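Beneath this line is the structure, given in structure tokens, with notes to follow.
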There are 2 protein chains.
Amino acid sequence: MSQSKRYLDIVRDIRDMIRQEKIKPGDRIPSERELAETMQVGRSTLREALRSLELLGLIETRRGEGTFLSDYRNHKLVEVLSTFVLQDNQSHEDVFQTRQLHEMAAIQAICENEAASQMRVWDSFRLRLKGESFQREDFVRELMVLSGNRLSLKIWFLLKQYSGNPYEGTVSSEEIDRMNDILTAIERQDADTAIREFKAWSEWLQKERVRNGNYS
Amino acid sequence: MSQSKRYLDIVRDIRDMIRQEKIKPGDRIPSERELAETMQVGRSTLREALRSLELLGLIETRRGEGTFLSDYRNHKLVEVLSTFVLQDNQSHEDVFQTRQLHEMAAIQAICENEAASQMRVWDSFRLRLKGESFQREDFVRELMVLSGNRLSLKIWFLLKQYSGNPYEGTVSSEEIDRMNDILTAIERQDADTAIREFKAWSEWLQKERVRNGNYS
DNA sequence: TTTTGAAAGTGGTCTGGCCACTCATATCCT
DNA sequence: AGGATATGAGTGGCCAGACCACTTTCAAAA
């Protein structure tokens, strides 16, 4: 099996090892020399696999200390991929649309959930909206979390990074009004309105970014 | 600058080289030995960078031939999603909802696209619907493709596999009626109806699977 | 007890080599 | 002459061994 490409087997083996041995983020994994021997493979080949995993942000290596399993939320993947891939307008558009798709679906889910739409979260939101340092991203992330779909949340998280911090910065006074409208619609479980308002804000923000040339 | 981690510099250098020399997808990039020399770096280090890029799907290496720049659109974003995000215990429900989400969004996109909703594809569909061997999966996949969002298509494909062939089998006569309704709605660009009908079918099918215990 | 420094362990890198494979070219046989 | 075959150059895949730079540890020295 697996004709050529030993390093790919190693990537898989390491992944399996991490699962089976229940290695948690932050834990140390065996040294390169040790792994190379147990896997019956040259150290350079093993390193090719490790470097790949490191570029993905799955592991973190510290000279003189060892190799550690890192928190997957810190992956550098998006950085690398975006610098290579995002020259393509179609890709850029696809990412935006897909991200927006998950966001709107989250709002839909929240509105359909009787309990969620009556939570105190909304009051808390409004309070924070008045504060100085309310970040756009907090607003959207909270919505994603409240949707209850963890898979969707994770996909959204990756896409967000991939498109280069689309929600960077704090909200302006105009945006506060928009957000209040969205929250109000959610509270009365009016999904259509909430989504329409959100979409309008989302696309306004996107145009704003393009105008300011906020691309990497 | 960039103390330690030469291979990261190389990743960047290669990217710059690709841009400046206007290397297009499918083109061949210099050999490992050649690159190593021009970049004043050992071949093993150079290889670590190349393997990383390969794992991301940015380049393609063929033994005996060389290294080639691969199509940006083949980036491994979704594959990464699968290994890093899908690995932990996700409920079937999350996967189902997210898959359905992408499907409904595809229908929405098709309906909003004037050209797509007037394509001949629909006639072709109807013809095939009458045939014996019409697979459920063909129907949905075609919709995903027609949506035009390749990223969404990839995510859908992944989720479909992950949930164990939800569209296995051929359509029954009852389903043919459902599908005809969906197609008709799409043709008159009635997204709401099309989505509602699709959702009904999708959830009916899901219940059918649960009843038959068709889980992987 | 505190400081120091040597040793062990680790990742980072390079060199040089061998193998397996592809391809273009030259050569040989019919 | 034309088609099959052998050869050699070029390429990626892999390995062993060697340094280097760095962090940790712990025992010896102050």
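Both backbone and side-chain heavy atoms feed into the values below; hydrogens, waters and symmetry mates do not. Proteins come first, then strands; the chains are lettered A, B, ... in the order of their sequence lines, and each starts at number 1. It should be emphasised that the depicted structure is a prediction, and the values quoted were computed from it without experimental measurement.
Taking the six-membered ring for Trp, B/W204 and B/F198 have ring centres at least 6.0 Å apart.
Rounded to the nearest 0.5 angstrom, A/L46 CG and A/T38 OG1 are separated by 8.0 Å.
Residue A/K5 comes nearest to B/E54 through the heavy atom pair NZ-OE2, 2.8 Å, listed as atom of the first residue, atom of the second, then distance.
Contacts of A/Q108 classified as side chain to side chain contact (heavy atoms under 4.5 Å, CB included), with partners at least two apart in sequence or in another chain: A/E112, A/A191, A/I195. Listed by chain and residue number, A/I29, A/I59, A/T61 satisfy the side chain to side chain contact (heavy atoms under 4.5 Å, CB included) test with A/T67 (two or more places apart in sequence, or in another chain). Partners of A/E65 under the salt bridge (Lys or Arg N to Asp or Glu O under 4.0 Å) rule, at least two apart in sequence or in another chain, are A/R62. In this structure, the salt bridge (Lys or Arg N to Asp or Glu O under 4.0 Å) partners of A/R99, at least two apart in sequence or on a different chain, are A/E103.
Side-chain atoms of A/S152 and B/D94 form no donor-acceptor pair, as typed in the model, at a separation below 3.5 Å.
Here B/R62 lies in heavy-atom contact (under 4.0 Å) with sugar-phosphate atoms only.
Residue A/T61 places at least one side-chain N or O under 4.0 Å from the OP1 or OP2 atom of C/dG12. A close approach under 4.0 Å does occur between a side-chain nitrogen or oxygen of B/R47 and OP1 or OP2 of D/dG13.
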For nucleotides 6-9 of chain C, print each protein N/O atom paired with a nucleotide N/O atom at under 3.5 Å, atom names and distance only.
from: C/dG9; atom 1: N2; to: A/G64; atom 2: O; distance (Å): 3.2

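Residues of residues 35-43 of chain A that place a heavy atom closer than 4.0 Å to DNA chain C, in numerical order, are A/R43.
A/L53 places its CG atom 15 Å from the C1' atom of C/dG11, with the value rounded to the nearest Å. Computed from coordinates, the A/Y7 OH to D/dG13 C1' distance equals 11 Å when rounded to whole Å.
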